[in-house]
Number of protein chains: 2
Amino acid sequence: MTGGFVDDYLSYLLARASHLVSRDFHAQVKRSGLGVAEWRVLATLSDGGPMIIGELARRVLYEQPTLTKVIDRMEEGGLVTRAAQESDRRRIEVRITPAGTAAVVGLLPAAKMHETQLLASYSPEEVALLKSVLRTLIDRLSAD
Amino acid sequence: MTGGFVDDYLSYLLARASHLVSRDFHAQVKRSGLGVAEWRVLATLSDGGPMIIGELARRVLYEQPTLTKVIDRMEEGGLVTRAAQESDRRRIEVRITPAGTAAVVGLLPAAKMHETQLLASYSPEEVALLKSVLRTLIDRLSAD
DNA sequence: TGTCGTTATATGAATTTTCATATAATCTGG
DNA sequence: CCAGATTATATGAAAATTCATATAACGACA
């Protein structure tokens with residue numbers, strides 16, 4: 001069952017850890033009436049302010065055409081608004097609405113709590129190193 | 001751009017690192033004529049031998065009905081075969097074919113090389129701790 | 001200012017994925 | 001041995017995702 005190539009392969013460890021770590025919380029997200037895509041968009045916007053489609057797509061790990069359709073649905077549902085920037089009307093700024101904020105406000109502390117529980121059995125040094133390695137990987141691979 | 005909740009959130013760091021780490025290699029997989037799902041299935045089977053649908057679905061991080069359809073296509077394409085176990089005919093064993101092996105055989109060393117390059121700038125201790133934390137997270141969350 | 005190359009988002013058709021449930025085999029208690 | 005509960009996979013309709021490309025706005029330069 002274990003011991004082969006795959007079980008020591010970084011891509012697989014990351015994919016599986018990511019999958020499992022998200023699983024329980026994503027179930028909670030769905031119970032609250034949001035999909036995972038909506039959760040990611042709202043968490044990102046509520047965290048960092050308005051963002052254009054392309055940047056938001058990179059942030060939430062979707063292709064641009066996929067995100068455009070997610071935003072279509074969310075705009076329809078009143079969770080976000082869409083408006084072209086004055087200075088460059090190609091750039092469409094997505095902005096969270098009060099309804100969107102209301103939809104995530106309860107999930108944000110739940111997410112923090114979920115993370116705290118997950119990491120409770122590791123030392124602060126281990127957690128710091130884990131996050132540091134992940135962040136440097138991300139930074140390096142984002143620079144394209 | 002940085003410094004908010006999301007940028008320090010473990011789920012997000014894992015998802016983004018996983019996404020970026022896989023991106024280049026997945027492009028290579030697609031150039032070789034396989035999809036990501038096919039690559040994962042073939043890598044898993046070539047690594048660990050035949051496996052029933054349900055276990056394989058957990059391994060490759062797909063829902064069971066999704067994997068059933070992936071296996072439909074792969075069986076159609078001659079990459080795997082499907083056969084019920086003697087002892088329990090509900091359990092369908094998926095087995096890699098010579099054609100399946102031929103399709104992944106070039107990718108496996110490429111995957112190893114990709115990982116080696118990614119981790120080249122970290123110390124062995126950092127790599128060991130990273131993988132150890134990921135594995136303990138996985139083990140803990142798999143136990144359900 | 002008009003044309004060309006570039007960047008940003010949208011769209012449509014085809015594929016893939018999901019959700020709920022059907023089918024089928026096995027197990028369990030009486 | 002039988003009826004109901006459980007487990008494993010398959011199926012079908014609906015939804016989401018992707019790929020290629022269309023549309024539209026901007027930038028540079030003659």
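None of these values were measured; they are calculated from a predicted model.
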Exercise. Distance check: side-chain N/O of Thr68(A) vs OP1/OP2 of dA10(C), anything under 4.0 Å?
Worked result: yes
For this session: Rounded off to whole Å, could you give me the CG-to-C1' distance for the Asp72(B) and dT15(C) pair?
Result: 14 Å
For this session: For Ile53(B) and dA24(C), give me the distance from atom CD1 to atom P, rounded to whole Å.
Result: 17 Å
Exercise. Where along residues 89-97 of chain B does a heavy atom come under 4.0 Å from DNA chain D, residue by residue in number order?
Worked result: Arg90(B), Arg91(B), Ile92(B)
Give each protein N/O atom lying under 3.5 Å from an N/O atom of nucleotides 19-22 of chain D, with the pair distance.
none

For this session: Grab the two heavy atoms, one from Val104(A) and one from Ala43(A), that are nearest each other, plus how far apart they are.
Result: CG1-N, 4.2 Å
Problem set entry | N or O in side chain of Arg82(B) less than 4.0 angstrom from dT9(D) OP1/OP2 | no
Seminar exercise, completed: Rounded to whole Å, CE of Met51(B) lies from P of dT9(D) at a distance of 12 Å
Exercise. So Tyr9(A) and Trp39(B), would you call those rings parallel, tilted or perpendicular, with 30° and 60° as cut-offs?
Worked result: perpendicular
Exercise. Just how far, in rounded Å, is P of dA10(C) from CD of Glu76(A)?
Worked result: 14 Å
Exercise. Would you say Val41(B) and Ile71(B) make side-chain contact, with heavy atoms under 4.5 Å?
Worked result: yes
Exercise. Is it true that the side chains of Gln64(A) and Thr68(A) contain a donor and an acceptor less than 3.5 Å apart?
Worked result: yes
For this session: Mind calculating the distance between CG (Leu67(B)) and C1' (dC19(C)) to the nearest angstrom?
Result: 16 Å
Exercise. Can a salt bridge be assigned to the pair Arg135(A) and Asp7(B) using a cut-off of 4.0 Å between side-chain N and carboxylate O?
Worked result: no
Exercise. What is the distance, rounded to the nearest whole Å, between atom CZ of Arg40(B) and atom C1' of dT16(C)?
Worked result: 14 Å
For this session: Sort and list the pairs that fulfil salt bridge (charged side-chain N to carboxylate O under 4.0 Å, His left out) and have at least one residue in residues 101-121 of chain B, not counting sequence neighbours.
Result: Glu115(B)-Lys131(B)
For this session: Using atom CD1 of Ile71(B) as one end and atom P of dT11(D) as the other, report the distance to the nearest whole Å.
Result: 14 Å
Problem set entry | Length of the CD-P vector between Glu55(B) and dT7(D), whole Å | 16 Å
For this session: Name the closest nucleotide to the Asp88(A) side chain, picking from dC26(D), dA25(C), dA8(C).
Result: dC26(D)
For this session: Carefully, step by step, assess Arg90(B) and Gln85(B) under the rule side-chain contact (heavy atoms from CB on, under 4.5 Å).
Result: CA-CA 7 Å; Arg90(B) 291 171 305 180; Gln85(B) 285 185 355; over 6 Å; no
For this session: May I ask you to decide whether Arg59(A) forms a salt bridge with Asp47(A), counting only side-chain N to carboxylate O separations under 4.0 Å?
Result: no
Problem set entry | Side-chain H-bond candidate by donor/acceptor type, Tyr12(B) with Thr44(A), under 3.5 Å | no
Exercise. Given that Ala37(A) and Glu86(A) both sit by DNA chain D, which one's nearest nucleotide is further toward the 5' end?
Worked result: Ala37(A)
